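Side chains are part of it too, since the values below use all heavy atoms of this structure and drop only hydrogens, waters and symmetry mates. This one's a predicted model, so the numbers in the text were calculated from it and none came from an experiment.
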Amino acid sequence: RVLAKLGLSEHSTLFGATTQDVSMLSNGRRPWREVESLESKKQWLDQLYVKTGAVFPFECYYPFPATADLFPEDRLAKWRMYENEDATRVLITKKDFKRDHYLQAIFPWSDLMDQPGLWETIASAHREMADEVVGEVFIWMDLTKETIQSLPENHQFKLPSPWILHGTGRNS
């Protein structure tokens with residue numbers, strides 16, 4: 001109520017879902033191909049986030065309305081992106097550390113259970129990161145309520161209370 005009285009409206013509600021095991025979500029398909037080109041990475045981010053002003057999970061715990069300033073080339077060079085076979089979907093993975101190591105997996109569509117090879121791609125990136133660091137590595141995904149409802153009943157994600165991002169409109 002206080003935020004509404006201040007003129008701040010709800011932009012998005014996200015659950016910071018974490019797990020260490022996505023094997024039960026896999027469908028035995030081939031992992032997606034990695035996007036190597038910096039220009040292609042920029043195009044995906046521009047299309048999905050900058051042009052739409054959608055909320056981008058910049059880091060674990062830090063979703064922001066997207067602007068081009070969030071995506072400098074040196075940062076994009078460190079992020080890994082993967083396209084599905086017909087290049088209609090992209091997965092972004094990046095490393096984060098918040099007391100624990102996280103592979104942050106960003107998939108901005110709600111049809112994650114209908115994407116052959118998506119979970120194999122996430123599992124592969126998770127294994128690679130686990131081989132590089134000392135300690136446990138968790139997978140972090142910011143999921144909407146709609147996306148959570150599409151997960152199978154016995155999924156392995158921990159789902160804490162949601163984060164509700166409030167703010168004012170963005171001038172284009």
Side-chain angles (χ1 to χ4, degrees), residues 1-27 29 31-32 44-67 70-71 79-84 86-126 129 136-170 172:
R1 290 187 198 181
V2 171
L3 295 173
K5 284 187 178 194
L6 291 173
L8 302 174
S9 59
E10 183 177 323
H11 279 268
S12 67
T13 301
L14 298 169
F15 292 80
T18 59
T19 187
Q20 287 184 291
D21 183 11
V22 294
S23 61
M24 65 122 355
L25 302 174
S26 296
N27 52 27
R29 301 297 285 273
W32 293 3
W44 271 114
L45 291 166
D46 190 57
Q47 173 190 338
L48 295 172
Y49 293 101
V50 177
K51 285 183 179 175
T52 65
V55 171
F56 181 77
F58 182 69
E59 291 182 359
C60 301
Y61 305 114
Y62 298 109
F64 294 112
T67 64
L70 282 181
F71 308 119
W79 297 352
R80 296 178 76 183
M81 296 175 94
Y82 305 88
E83 286 179 332
N84 65 353
D86 56 3
T88 58
R89 297 285 189 270
V90 69
L91 167 72
I92 304 165
T93 64
K94 47 200 183 90
K95 299 172 186 175
D96 200 356
F97 184 81
K98 305 279 192 275
R99 190 181 53 124
D100 291 306
H101 292 281
Y102 290 98
L103 173 75
Q104 186 178 12
I106 302 165
F107 185 76
W109 293 275
S110 60
D111 61 352
L112 48 79
M113 293 311 301
D114 301 324
Q115 297 301 315
L118 173 66
W119 295 106
E120 287 80 0
T121 307
I122 293 170
S124 175
H126 179 249
M129 186 173 169
E136 295 182 307
V137 176
F138 296 88
I139 297 167
W140 175 293
M141 294 183 82
D142 285 308
L143 302 177
T144 65
K145 189 179 227 179
E146 176 187 20
T147 305
I148 288 170
Q149 291 171 348
S150 75
L151 292 172
E153 199 171 295
N154 56 348
H155 66 81
Q156 299 294 311
F157 282 103
K158 292 181 184 170
L159 300 168
S161 299
W163 295 77
I164 302 172
L165 181 65
H166 287 79
T168 58
R170 181 180 100 147
S172 297

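Here the CG-CD distance, from Leu70 to Glu59, works out to 10.5 Å after rounding to the nearest 0.5 Å. The CG atom of Leu48 lies 7.0 Å from the CD1 atom of Ile92; values are rounded to the nearest 0.5 Å. One distance of note links CE of Met81 with OG1 of Thr93; it measures 9.5 Å at 0.5 Å rounding. Atoms CG and CD1, from Leu159 and Ile148 in turn, are 4.5 Å apart once rounded to the nearest 0.5 Å. Here Phe71 contributes atom CZ and Asp46 contributes atom CG; the two are 9.0 Å apart, rounded to the nearest 0.5 Å. Put simply, OG1 on Thr144 and CG on Leu14 are 7.5 Å apart, with the number rounded to the nearest 0.5 Å.
Between Ser150 and Ser110 the shortest heavy-atom distance is OG-O, 3.9 Å. When every heavy atom of Asp142 is checked against every heavy atom of Gly16, the shortest pair comes out as OD1-CA, 3.8 Å. Contact between Asn27 and Gly117 at its shortest, heavy atoms only, is OD1-N, 3.4 Å. Residues Pro152 and Met113 share a closest heavy-atom pair of CD-CE, 3.7 Å. Closest of all the heavy-atom pairs between Trp32 and Val90 is CZ3-C, 4.0 Å.
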Step by step, work out the side-chain contact (heavy atoms from CB on, under 4.5 Å) result for Thr147 and Phe107.
CA-CA 10 Å; Thr147 305; Phe107 185 76; over 6 Å; no
Test Thr19 against His155 for side-chain contact (heavy atoms from CB on, under 4.5 Å), laying out the working first.
CA-CA 9 Å; Thr19 187; His155 66 81; over 6 Å; no
Take Arg89 and Leu118 through the test side-chain contact (heavy atoms from CB on, under 4.5 Å) and record every step on the way to the result.
CA-CA 10 Å; Arg89 297 285 189 270; Leu118 173 66; over 6 Å; no
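Residues Asn154 and Met24 meet the side-chain proximity criterion, which asks for heavy atoms closer than 4.5 Å. By the 4.5 Å heavy-atom criterion applied to side chains, Met141 and Ile122 are counted as neighbours. Looking at heavy atoms from C-beta onward, Leu112 lies in side-chain contact with Trp119 at the 4.5 angstrom threshold. Proximity of Leu151 to Leu143: side-chain heavy atoms (C-beta onward) are separated by under 4.5 Å at one or more points.
Within the 3.5 Å criterion, the main-chain N or O of Arg29 finds a donor-acceptor partner in the side chain of Glu120. Within the 3.5 Å criterion, the main-chain N or O of Thr88 finds a donor-acceptor partner in the side chain of Asn84. Trp44 contributes no side-chain N or O that, together with a main-chain N or O of Leu91, makes up a donor-acceptor pair within less than 3.5 Å. A donor-acceptor pair is defined here as one N or O able to donate and one able to accept, closer than 3.5 Å; no such pair exists between the side chain of Glu136 and the backbone of Gln20. Side chain of His101 to backbone of Lys95: no donor-acceptor contact under 3.5 angstrom is found. Side chain of Ser124 to backbone of Thr121: no donor-acceptor contact under 3.5 angstrom is found.
Phe157 has its ring centre no less than 6.0 Å from the ring centre of Phe15. Between Tyr61 and Trp140, the distance separating the two ring centers is shorter than 6.0 angstrom.
Between Asp96 and Lys98 there is a salt bridge, with a side-chain nitrogen of the basic residue lying less than 4.0 Å from a carboxylate oxygen of the acidic one.
No hydrogens or angles considered: nothing links the side chains of Gln115 and Trp109 as a donor-acceptor pair under 3.5 Å.
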